[in-house]
Amino acid sequence: MYVIMVYDLQADRTHKALKLGRRYLTHVQNSVLEGEISDGDLQQLRGEIEDLLEPGESTIIYELSSDSLLNRTVFGEDPTEDQRFL
Amino acid sequence: MDRNYHVFSDGRIERKDDTIRLVTDGDEKKHLPIENAEALFVHGQIDFNTRLISFLNDQGVALHVFGWEDYYAGSIMPERGQTSGQTVVSQVQAYDDTEHRRELAASIVSGSIHNMRSNAVYYDSRDRDLEAEISALEQAASRIDDGLPINELMGIEATARKAYYRTFNEILPEEFRLSNREYNPPPNEINSLISFGNSLVYANCVSAIRATALDPAISYLHEPGERRYSLSLDLADLFKPILADRVLFRLVNRGQITRDDFETELGSCLLTEHGRETYSKAFEETLERTVDHPNLNRKVSYQYLLRLEAYKLKKHLLAGERYEPFKRWW
């Protein structure tokens with residue numbers, strides 16, 4: 001499964017969402033992560049997000065069954081490119 | 001989804017924000033998602049500390065190190081989640097029981113020849129004339145017998161492999177001739193590609209064995225006395241044709257790897273960083289490919305086939321279920 005995660009937390013707490021998301025996904029822009037994820041890991045990520053959020057904060061996860069369904073155009077440098085070969 | 005990450009740059013890997021971060025010598029920082037990592041393959045010069053090792057251990061991620069001239073230099077494996085004295089005892093008993101050991105060794109040789117043959121047959125159907133080699137492989141396969149001593153089984157495997165390596169000259173373009181299979185160090189391009197590919201297969205088998213309670217040092221076809229994890233050598237023999245060799249044929253025939261991807265120095269010929277990266281990418285893509293598994297009734301990745309092989313062996317040793325070696329069926 002391919003997901004895009006966007007988060008909106010209080011300014012001094014955004015790093016918590018970033019830190020959480022980075023364990024599963026690739027950080028592409030401020031408050032946005034994306035990447036391939038297994039069903040099990042996604043379940044776990046959802047749970048951890050719920051535990052993290054405070055009133056007034058939100059996180060949205062968009063799911064696609066695969067990245068081939070996503071019509072994705074990148075202008076400039078693509079942060080997800082060659083994530084596995086560093 | 002368990003991925004291998006390859007690090008070719010020089011720098012430092014560290015634990016950061018509960019995940020792994022690479023800081024290159026150029027001070028570039030990159031985060032790797034730990035949750036979907038199976039293993040890190042380190043090809044460059046990398047520093048790390050004990051904090052990283054404990055973290056990788058907690059997360060069950062292995063670190064495979066490739067050293068000078070990109071030889072496999074060793075692995076830092078997570079502490080065993082699975083320990084089972086029973087498994088090790090059965091493993092040793094099977095080794096000690098001459099008949100049982102021969103039976104397992106014969107299975108491995110027959111699987112390995114089958115998989116070499118399937119590559120030869122594929123290229124034969126694509127306008128190469130490989131009939132002589134195919135019949136040599138079939139002849140070798142027909143000589144396999146459970147009752148043969150290990151060194152004779154090894155001999156059959158070696159004869160088959162020799163015939164199989166002759167197919168390389170037909171399959172590959174002229175400038176990539178394999179006169180003889182040699183290593184330490186590989187003298188030419190093609191030997192160097194074979195060595196690199198085999199070392200990746202080997203390291204992946206180490207990871208697969210580690211996922212079970214099997215002891216990687218107790219093997220059947222190869223002698224357990226060797227310095228390496230010899231059970232991994234046993235399993236790798238089955239998969240080298242499917243994983244390493246097919247990637248090699250594809251990359252060379254499509255011109256994705258050329259002579260420019262090698263550095264020749266005093267009798268040794270090695271892949272450049274660019275060449276290693278190209279190869280590893282194609283190799284990882286292959287590991288992720290899936291096939292329909294007839295018994296499991298679902299799609300499984302090539303990488304999972306390695307894992308299944310270790311499970312099958314364990315099940316055979318513990319529950320006595322017949323061990324059928326991996327043979328390409330598609």
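Each chain gets a letter, A, B and so on, in the order its sequence line appears, and its residues count up from 1.
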Which atoms of B/K281 approach chain A - backbone, side chain, both or neither, heavy atom under 4.5 Å: both
Is it the case that more than 12 heavy atoms not belonging to A/K16 sit under 6.0 Å from its NZ atom? no
Contact between B/K16 and A/R22 at the side-chain level, heavy atoms closer than 4.5 Å - yes or no? no
Per-residue contact mode, B/L22 against chain A (heavy atom under 4.5 angstrom): side chain
B/Q45 atom CD: more than 12 heavy-atom contacts under 6.0 Å: no
Is it true that, when you exclude A/E54 itself, more than 12 heavy atoms of the residues, nucleotides or ligands shown sit nearer than 6.0 Å to its CD? yes
Could you pull out the closest heavy-atom pair between A/D41 and B/E35, with the gap in Å? OD2-O, 3.4 Å
Before you tell me yes or no, could you show the steps for A/L86 and B/H6 under side-chain contact (heavy atoms from CB on, under 4.5 Å), namely the whole-Å CA-CA distance, both residues' side-chain angles and the distance that decides it to 0.1 Å? CA-CA 6 Å; A/L86 307 162; B/H6 291 258; over 6 Å; no
Tell me whether A/Q29 at atom CD has more than 12 heavy atoms from other residues, nucleotides or ligands lying less than 6.0 Å away. no
Separation between CG (A/L20) and CG (B/D18), nearest 0.5 Å, reads 9.5 Å
What residue among B/T19, B/N36, B/L32 forms side-chain contact (heavy atoms from CB on, under 4.5 Å) with A/R23? B/T19
